[in-house]
Amino acid sequence: MPPMSKYPFTDIEQKWQAYWEREKTFRVTEDPSIPKEKRAYVLDMFPYPSAAGLHVGHPEGYTATDIYCRYLRMNGYAVLHPMGFDSFGLPAENYAIQTGTHPLETTERNINRFREQIKSLGFSYDWDREVSTHDPDYYRWTQWIFLKLYERGLAYVAEMPVWYCEALGTVLANEEVLTTPDGPRSERGNHPVERRPLRQWILRITEYADRLLEDLDGLDWPESIKAMQRNWIGRSEGANVRFALEDGSGDIEVFTTRPDTLFGATYMVLAPEHALVDRITTAAQRAEVDAYVEQARLKSDLERTDLAKDKTGVFTGAYAINPVNKARVPVWISDYILVSYGTGAIMAVPAHDTRDWEFAVQFGLSIVQVVEPPAEVYVAHTEDGGLAEAFTGEGHAMNSGDFDGLQTAVFKQRITEWLTEQGLGRKAVNYKLRDWIFSRQRYWGEPIPLVHCGETIVPVPEEQLPLRLPDVQSYKPSGTGESPLAKVEEWVVTGCPDGSGSMGRRETNTMPQWAGSCWYYLRYLDPRNDRELAGRDKIDYWMPVDLYVGGAEHAVLHLLYARFWHKVLYDIGVVNTEEPFMRLINQGMILGEDGLRMSKSRGNVVNPDDVVSAYGADTLRMFEMFLGPLEAEKPWSTGSISGVHRFLDRAWRLAERELVEGEPPEHILRVLHKTIKKVDHDTGRLEFNTAIAQLMIYINELYKEETLFRAAWEPFILLLAPYAPHLAEELWERAGNPPSVSMVAWPQWEESLTRDEEVTVVVQVNGKVRARIELPTDTPEAELRDRALGLERIAEFTAGKELVKVITVPNKLVNIVVR
RNA sequence: GCGAGAGUGGUGAAAUUGGUAGACACGCCAGAUUUAGGAUCUGGUGCCUUCGGGUGUAAGGGUUCAAGUCCCUUCUCUCGCACCA
C-alpha cells in the first residue's frame, strides 16, 4: 500500500525528536512557584518489554496522555509525564531456559527496542526519569518495601494449598488463575494449573480489605473497574452461629448472611475437607462418607464447581440441634461447600437459598418457609400453597416464633443480638479476597531479602540492599518447589545478619512480577535517590497521580496490589495520600481490521513501525485518536487512515502559501474561534475524536480561501500541536517563529466570535419540520413566533385548524401546535 | 444466574440542559484538473417516493408541544464474576 504522501514526515519527525531530546524540552523539576492546582501527574501504565516490540495498543493510551500533557503544558501546567519498563517477568526467563541467554541481556535488548519505538512516536516524556524494575537500584526499594511489610506482620510463610503451574514451574496467585472450559489455567501462557500444598510467602492483603473496598468510593474510576474490585474483595456481612452436636460432643460453626432464616435451617452441610467430618461420621455411614471424601479430593476444581451438574452429597449419620427452635437437623457433607470460605460449613435453608433448595429436593430433605415475600413480588407456588422454588428476597418473618412479622433487615439485627446474648453466635464478616501468594520459584525476579537461620528468619539489613540476583548455571526451575537460586550454593549460604556469626541460608524464592509495578509511579518522582525510595518533598509536590491511563486487563491484579502497597506506605508515613491514582481511564482495545482481537495466529496484527514508516508518527497518533472515543473498543481500519493523513498533508500544503498579515475575514474568524473553543473543550475532556473533526472542518474552510492570514493560521498550529507535534513544530518554525511550539500559550477564544450573526430557525407544525428561516441571532421570541406564523408555507399546514399553542426556543425552533 | 456497559447510514462514528438525527472521516457517485492516475480540487450521498411528501437511532409501549436522549417491557451483543453460604 504505497502512501500518497507528499509531505516529508520522516525528515520532520526525526528533526524534532532530535530537537526535543537535545533541548530536554519536556524535562520537569519541582518549581515551588507553581501552585498545586497547576501541577499534573499524568501516568501511563508502563510496558513489559516483550520481544515482539510495541503493538498498536500501546500508542493508543500513550498518545492520549501525550496529547493531554502537551495541552496542559500549553495551558501553564507543570506536567510530570514519565515512562519506564516493567522488566522482570517470565518471557525473558523462559527464553533463557530455551537458549541459555541471560534474561538481563534479552531484557535490555528489548528495552532498547521499546524505548526507540516509543521515542519514534514523539511522546513528551521526561526521559531523565526512566526506570526499569529489574535494575538493582530500583529493586533495592522493592525489597525495602517487602521488609516493611514483613516488619509489620503483613508478610508471612504458610503451607497451604496453592495454585501450582507445572509448565511455568512456579506457584501463582489466585488472581493469576483463570477458570476456563479446560479447567483452571494460568493467566499467563494458558497452562494447566493444579492445587498443591506448598510453603509460600504470603502478603496479608485481607487486612486491608475494608479499606481497599471503602476507598473505592472516592475514586474517579470507571464504574466497571470499581465493580470488579468490589466483587473481587467480596465482602459479605452476616453472623457466625454455633449448632451443638446432638451427642453433646461439640458444635459446628457456620457463617450465614441470612441469620433471619435460622428457623428455616433444616439440615447442615460440611465441606468434605472439614475437620469435623471424620469425627462425627457414624459407623453405619463411614464407608459411604469415606468414599465421597476421597472422590471429592480427586475431582478437579472445575468438576466441583460445575453449576450445571446435580448436587451430590452424603449423610454423615450425625445430627445437630438448631439453636433457635431445638429442631434436630441432619448433618451432610457436599462438595458444593468450599472449605476455604467462611467456616467451611453451612446451615441449609432450602426455602430461601437456591443451592440448598436443589440439594434438599435431590435428597428429600424437609423445606420450611420462614420468610413471607412482599405482596407485590410474584413468587411461584405449588398447588398446595407451598413455595415452588427458593425465595431469596427479603420480606417478613414467619414460622419464626416470637420473631414473626419482623422485616428481614430488622430481624437480622435482632437475631444477631439475641445470638450474641445467648453465646450462640456473633456478627461476622467474610471476604472472597484471599491473602496474596507472593513467592515465585523463578529466577528473574526480585530476591526476597530474608535469611533462614535455623528456625528463625532474619531480614537482610536495609543498608545491605539491594540483595542482588546471582548468576546461575541453569535457569530451569528445580521442579521440587524451589527456584533456580536454590542451586547457587555460594549465594544461598551466608552469614546470619543477626550478628550471631552463625551461618544461614537465603530465601530462594523471588517476588512476582506485580511487585515492581506496585510502586513504580513513586520512583519516577525521584529516580536516582539512593537514600529513600523517593524524597518526601517530591512526593508532596506531585502525588497523587492525577490521571492514570491503561488497559482494563489490570482491573483487579495490578490496581488492587498497588493500592494495597500504597496504603501500607501511607501507614508507615512514606506517602501523603491513602490512594495513589485519583482518576483512571481504560483505553479500549484496538481490534484487528476483522473486528477480532489482534493475534499472530489470526494474522491481523498491525505493527506501528510499518504505519510510522508509511505515514509518519503524527498520522498514527491522530488516526488512533480519530478512530473513536478513547474508552471504546474499536477495530483498526487501514482504509480510513488516509483521511487523517490527507488532513495533515493539506495542512502542509496550506503552509506553502504566503502568510498575509492583517485581519482575516470575519467568516474565517468565526470558524476559528468556534474551533478554538471546541478543541479546547474536547481536549480537556480527552474527547480527541471530535476535536480532530473540528480541526478538519477548519482546515477545509481555510482551503477554500484565496489568502492565508497569519492570524488565522498560527492559532491553528497551536491547536494542532498536541495532536501532531512534529508537524506543528515544523509549521511553527516555517511561519517564522522560534521553537518550540510546545511551550507557547494555548490560544483563547472570544465568545462573541463563536456565535454566528444569523441562525437557521426551524419551524415545526405539530413537531414536524416544515420550514426554515434565517434570522439574526437572538431574535426575540415574539418576533420568532410572528415570523414563523407569517410564513406562507406554514399557513398551508395550519389552514382550517385551531391554533393550540406556539412554542419558541431562541435560536433553535418554533413549534406550532394545531388541532 | 449475578454485576457492569453497549445497540444510530454501506463503514468508523457525531449529536451541552429533551429542541434541525447522521458533524468529521472512509467508501460510493458526479464534475473540474491532468498525457495518465488509485494524485489533487469542488459538489453530492440514511431509506422510500407518484417529488406533494412519507419514514428513520435494536423491538414494543409510555411521558411531552417536542425523545437517539427521560420512564417501563422485551431482545441482542460485549466484558467481568460465577455453588463465596
Side-chain angles (χ1 to χ4, degrees), chain A residues 1-2 4-6 179 222-232 234-236 238 254-258 261 269 271 304-309 311 334-338 340-349 352-356 358-359 392 430-434 552-553 555-556 586 588-589 623 626-629 631-644 646-647 649-650 653 678 681 687 689-697 700 703-704 759-772 796 804-818:
Chain A
M1 45 149 193
M4 53 257 170
S5 158
K6 276 165 284 317
T179 314
E223 242 352 278
S224 60
I225 301 292
K226 291 207 231 179
M228 281 163 73
Q229 292 219 347
R230 287 192 189 105
N231 195 288
W232 189 263
R235 183 182 199 273
S236 54
V254 299
F255 171 71
T256 177
T257 56
R258 293 294 299 271
T261 61
V269 191
R304 277 186 66 158
T305 56
D306 184 1
L307 278 165
K309 79 172 170 42
K311 295 264 183 292
S334 174
D335 61 9
Y336 82 92
I337 303 306
L338 309 173
S340 53
Y341 185 78
T343 63
I346 61 148
M347 63 176 208
V349 185
H352 305 291
D353 182 284
T354 323
R355 297 151 301 177
D356 297 346
E358 284 170 25
F359 193 83
T392 58
N430 264 291
Y431 301 91
K432 273 162 64 177
L433 181 69
R434 296 276 93 94
E553 65 273 19
V556 175
N586 293 122
M589 204 188 321
F623 171 67
F626 190 62
L627 273 176
E631 292 95 330
E633 197 170 81
K634 49 221 165 240
W636 184 266
S637 152
T638 301
S640 60
I641 199 167
S642 56
V644 167
R646 189 172 299 150
F647 160 75
D649 204 39
R650 293 181 114 205
R653 276 180 284 126
K678 173 99 179 131
H681 178 261
E687 290 166 7
N689 53 332
T690 47
I692 292 169
Q694 186 63 41
L695 290 171
M696 288 174 167
I697 291 171
N700 291 346
Y703 228 81
K704 292 175 197 157
V759 287
T760 307
V761 172
V762 172
V763 184
Q764 300 178 330
V765 178
N766 288 346
K768 285 188 198 299
V769 179
R770 298 300 182 188
R772 291 160 211 271
E796 289 171 26
V804 180
K805 65 171 150 178
V806 178
I807 286 124
T808 53
V809 180
N811 300 327
K812 294 270 188 198
L813 62 74
V814 180
N815 190 9
I816 298 159
V817 185
V818 293

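In what follows, chains are A, B, ... by sequence order, proteins preceding strands, each numbered from 1.
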Checklist entry - So, is A:R770 close to the B:U20 phosphate, meaning a side-chain N or O under 4.0 Å from OP1 or OP2? => result no
Checklist entry - To the nearest Å, how far apart are A:E633 CD and B:G12 C1'? => result 14 Å
Checklist entry - When the P atoms of B:U11 and B:A4 are considered, how many whole Å apart are they? => result 30 Å
Checklist entry - Considering only side-chain heavy atoms of A:T760, which listed nucleotide, B:C65, B:A25, B:U20, is closest? => result B:U20
Next on the checklist: Does B:C81 have its OP1 or OP2 closer than 4.0 Å to a side-chain nitrogen or oxygen of A:R230?
Outcome noted: no
Checklist entry - Over how many whole Å does the gap from A:N766 atom CG to B:U20 atom P extend? => result 17 Å
Checklist entry - Within the pair A:R650 and B:U40, is there a side-chain N or O less than 4.0 Å away from OP1 or OP2? => result no
Checklist entry - What integer number of Å spans the C1' atoms of B:A82 and B:U63? => result 39 Å
Checklist entry - Any idea which of B:C83, B:A85, B:C41 is nearest the A:Y341 side chain? => result B:A85
Item to check | Partner nucleotide of B:U17 by Watson-Crick or wobble geometry (both distances under 3.5 Å) | outcome: none
Checklist entry - Would you call B:G52 syn or anti, using the 90° rule around 0? => result syn
Next on the checklist: When you compare the side chain of A:E358 with that of A:Y336, does any pair of heavy atoms fall below 4.5 Å?
Outcome noted: no
Checklist entry - Which heavy atom in A:A348 sits nearest to a heavy atom in A:D356, and how many Å separate them? => result CA-OD2, 3.3 Å
Checklist entry - Under 4.0 angstrom, heavy atoms only, what part of the nucleic acid is A:S637 near: base, sugar-phosphate, or nothing? => result nothing
Checklist entry - For atom P, what is the distance between B:C48 and B:G56, given to the nearest Å? => result 15 Å
Checklist outcome for this item: For A:W232 and A:K432 the tightest heavy-atom approach is O-CB, 3.7 Å
Item to check | Who pairs with B:G22 - Watson-Crick or G-U, where each distance is under 3.5 Å | outcome: none
Checklist entry - How do A:T343 and A:N231 order along RNA chain B: which one's closest nucleotide is nearer the 5' end? => result A:N231
Checklist entry - With rounding to whole Å, what would you report as the distance between B:U74 and B:G7 at their C1' atoms? => result 14 Å
Checklist entry - Reckon A:P222 touches a base, only the sugar-phosphate, or nothing at all at heavy-atom distances under 4.0 Å? => result nothing
Item to check | OP1 or OP2 of B:G12 under 4.0 Å from side-chain N/O of A:K634 | outcome: no
Next on the checklist: Mind checking if A:K812 touches a base, just sugar-phosphate, or nothing, with heavy atoms under 4.0 Å?
Outcome noted: sugar-phosphate
Checklist entry - Closest nucleotide of RNA chain B for A:I697 versus for A:V762: which of these residues is on the 5' side? => result A:V762
Checklist entry - Are A:N689 and B:A14 close enough that a side-chain N or O sits under 4.0 Å from OP1 or OP2? => result yes
Item to check | Validation row: A:N766, A:V817 side chains within 4.5 angstrom (heavy atoms) | outcome: yes
Checklist entry - Any side-chain N or O of A:N700 less than 4.0 Å from the OP1 or OP2 oxygen of B:A25? => result yes
Checklist entry - If the C1' atom of B:G19 is compared with that of B:C24, how far apart are they to the nearest Å? => result 23 Å
Checklist entry - For B:G44, does the glycosidic angle fall within 90° of 0 (syn) or outside that (anti)? => result anti
Next on the checklist: Less than 4.0 angstrom between a side-chain N/O of A:S236 and OP1 or OP2 of B:A85, yes or no?
Outcome noted: yes
Checklist entry - Is there a side-chain contact between A:R434 and A:S340, using heavy atoms and a 4.5 Å cut-off? => result yes
Next on the checklist: For the CG atom of A:D353 and the OG1 atom of A:T261, what is their distance to the nearest 0.5 Å?
Outcome noted: 8.5 Å
Item to check | Nucleotide opposite B:C51 in a Watson-Crick or G-U pair, distances under 3.5 Å | outcome: none
Item to check | Paired nucleotide for B:U34 [Watson-Crick or G-U wobble; both distances under 3.5 Å] | outcome: none
Checklist entry - Donor-acceptor pair under 3.5 Å: do we get one between A:K311's side chain and the base of B:C83? => result yes
Checklist outcome for this item: Among the nucleotides B:A85, B:G80, B:U42, whichever has the atom closest to the side chain of A:M228 is B:G80
Checklist entry - Reckon A:K768 touches a base, only the sugar-phosphate, or nothing at all at heavy-atom distances under 4.0 Å? => result sugar-phosphate
Next on the checklist: Please check: side-chain N/O of A:R258 versus main-chain N/O of A:V349, any donor-acceptor pairing under 3.5 Å?
Outcome noted: no
Checklist entry - For B:G1, which nucleotide in any strand shown is its Watson-Crick or wobble partner with both distances under 3.5 Å? => result B:C81
Next on the checklist: Rounding to an integer number of angstrom, what distance separates B:U20 and B:A14 when you compare their C1' atoms?
Outcome noted: 15 Å
Checklist entry - With a non-hydrogen cut-off below 4.0 angstrom, is A:Y703 in contact with a base, only sugar-phosphate, or nothing? => result sugar-phosphate
Checklist outcome for this item: Testing B:G12, B:U40, B:G43 for proximity to the side chain of A:P635, the answer is B:G12
Checklist entry - Run the salt bridge (Lys or Arg N to Asp or Glu O under 4.0 Å) check on A:E223 and A:R230 step by step: do they pass? => result CA-CA 10 Å; A:E223 242 352 278; A:R230 287 192 189 105; 3.7 Å; yes
Checklist entry - Which listed nucleotide (B:A85, B:C65, B:A21) is nearest to the side chain of A:V769? => result B:A21
Next on the checklist: Is any side-chain heavy atom of A:K812 closer than 4.5 Å to one of A:V759?
Outcome noted: no
Checklist entry - Considering only the P atoms, how many Å lie between B:A59 and B:A25, rounded to the nearest integer? => result 29 Å
Checklist entry - Mind checking who B:U8 pairs with, Watson-Crick or G-U wobble, both distances under 3.5 Å? => result none
Item to check | Spacing of the P atoms in B:G54 and B:A21 (rounded, Å) | outcome: 13 Å
Next on the checklist: For B:C28, give the paired nucleotide (Watson-Crick: N1-N3 plus N6-O4 or O6-N4; G-U: N1-O2 and O6-N3; both under 3.5 Å), or none.
Outcome noted: B:G44
Checklist entry - Does B:G68 have a Watson-Crick or wobble mate here (both distances under 3.5 Å), and if so which one? => result none
Checklist entry - With a 4.0 Å cut-off on heavy atoms, is A:L627 in touch with a base, just the backbone sugar-phosphate, or nothing at all? => result sugar-phosphate
